[in-house]
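Structure first, then comments.
Proteins get letters first, then strands, A, B, ... in listed order; numbering begins at 1 in each.
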Protein chains: 2
Amino acid sequence: MARTKEFNEDQALDKAIEIFWHKGYNGTSAQDLVTHLELSRSSLYDTFGDKQKLFSKALRRYQKQGEDNIEKLLDESTDIKATLTIIFKQAVLESLEDRITKGCFMVNSAVELAMHDEEIAKIVSDNRKTIEQIFFKAIKKGQNSGQISAQQDARILARFIFNNYSGIRVLARAGEKDKQFYGDILKAIFFIF
Amino acid sequence: MARTKEFNEDQALDKAIEIFWHKGYNGTSAQDLVTHLELSRSSLYDTFGDKQKLFSKALRRYQKQGEDNIEKLLDESTDIKATLTIIFKQAVLESLEDRITKGCFMVNSAVELAMHDEEIAKIVSDNRKTIEQIFFKAIKKGQNSGQISAQQDARILARFIFNNYSGIRVLARAGEKDKQFYGDILKAIFFIF
DNA sequence: CTAATTCAGGAACGATTGTTCCGTATTTTT
DNA sequence: AAAAATACGGAACAATCGTTCCTGAATTAG
């Protein structure tokens, strides 16, 4: 039989997420990948097929990680409104702290590729539906416990939250560093609850 | 003396906006530009310098057009809330009707280039400030006339509106075609007023 | 007409793109 | 120890990238 792999495929994927997230799909060259993943060209292509396959595999991994993250936070939450605030503040903090702002890998990929690549469009669409569903479930829970006003439909609120999350990620990617700016938006968002 | 230009520079810029908007900066090749602008390579480079210069000139033109558009709408408006609704519905309609969804050229460029290109970052930042200011002025007017609740600070509302506008543009670019989805978001946004 | 200038078309540039392939080293199982 | 299988580094691929340059035709002003 053959020798075993000397690198961890998931670790390589995480590094692919990093570089694609930072530079985008078209902005990342094969050489960038070789350098950043610390793999040989041959290992890279043997393992992942081609650039597009590697990208969508990385994006899917990122999606899963993000979903698991906020789902866990909201499932374990006893105060939905507070947890939603935390989720938003996390997104803002990432924007303000990162020396290089990367925004959200999913938003970036949606803007760059969704209309030109069906598989990416599928991932982006799946992501939207799943995240919306997670928000919906959480808001429903908050409304049942009386923490969130039932005046607004939970579906509407979930979509509203999602939309503002996307918006913040764009501003982050654009390099917005004004704390007050994000603070203002958060104030407005949570006024509706 | 020399012969006169046979093409209109502004018309060429409008075509540049179209193709960059559709394919992005990195996704648009020099050949794409030659084909779409219907100029020879030499005329193109003689007139606009290089790809990056052409792009930023096109983006600036787009910015100016967009600003003028919503500024005019809001200046002439006697019902700010209704006019804001129209502006949002316009954005949604563009998404639903266009056979190929292009989103917003400014948002697309912000995501793709702002962190890698200072000049683009400047345009994006200018755009954010100007649009915010236009919204601010309009909301202030609406509050003074009693049409918009003065419960919320006009600056907060302006930024909130801007954020949701960005979000919608991302969803549009991602190919979201569900009318109800956009309807829900609009409901939530205008609930705050 | 002449001179000046800009046009369009295409050849050509070196650099970089994504991808393939080969020779060698290494590790595993029989 | 032998055989099988895979990782690896690096050379090499054709294609495309953005850009420059050259050509001759076209149009203008003097």
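- Side-chain to base pairing of Ser42(B) with dG9(C): one donor and one acceptor N or O lie within less than 3.5 Å of each other.
- The cationic atom of Arg128(A) (NZ for Lys, CZ for Arg) lies less than 6.0 Å from the six-membered ring centre of Phe181(B) and within 45° of the ring axis.
- One interatomic measurement links the two molecules: CG of Leu44(B) to C1' of dC21(D), which rounds to 16 Å at whole-angstrom precision.
- For dA7(D), the OP1/OP2 oxygens have no side-chain nitrogen or oxygen of Ser40(A) closer than 4.0 Å.
- Between Leu33(B) atom CG and dT19(D) atom C1' the separation is 12 Å, expressed in whole Å.
- In this entry the distance linking CG of Asn26(A) with P of dG18(C) reads 9 Å, nearest Å.
- Rounding to whole angstrom units, NZ of residue Lys51(A) and P of dT16(C) are separated by 15 Å.
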For Lys137(A) and Glu71(A), what are the C-alpha separation, side-chain angles and deciding distance, and is it a salt bridge (charged side-chain N to carboxylate O under 4.0 Å, His left out)?
-> CA-CA 10 Å; Lys137(A) 228 175 58 189; Glu71(A) 186 160 33; 3.6 Å; yes
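- Atom NZ of Lys53(B) and atom P of dT20(D) are 9 Å apart (whole Å).
- Each of Tyr45(A) and Leu39(B) was assigned the nucleotide of DNA chain C with the nearest heavy atom; the assignment lying further toward the 5' end belongs to Leu39(B).
- In this pair, Phe105(A) and Phe20(A) present their aromatic rings parallel. The plane angle is below 30°, not in the 30 to 60° band.
- You'll find the side chain of Ser109(A) reaches within 4.5 Å of the side chain of Phe55(A), heavy atoms only.
- If you check every strand for non-hydrogen atoms under 4.0 Å, Asp46(B) touches nothing.
- Taking 4.5 Å as the limit, every side-chain heavy atom of Gln11(A) sits out of range of all side-chain heavy atoms of Lys15(A).
- For Ser29(A), whose side chain is taken as the heavy atoms from C-beta onward, the closest listed nucleotide among dG10(C), dC8(D), dT17(C) is dT17(C).
- With rounding to whole Å, Asp50(A) atom CG is found 22 Å from dC13(D) atom P.
- Rounded to whole Å, the distance from CZ on Arg41(B) to C1' on dG10(C) is 9 Å.
- In this structure, Thr28(B) reaches the sugar-phosphate backbone alone: every heavy-atom distance under 4.0 Å involves primed, P, OP1 or OP2 atoms, never a base.
- For the pair Leu37(A) CG and dG9(D) P, the computed distance is 13 Å after rounding to whole Å.
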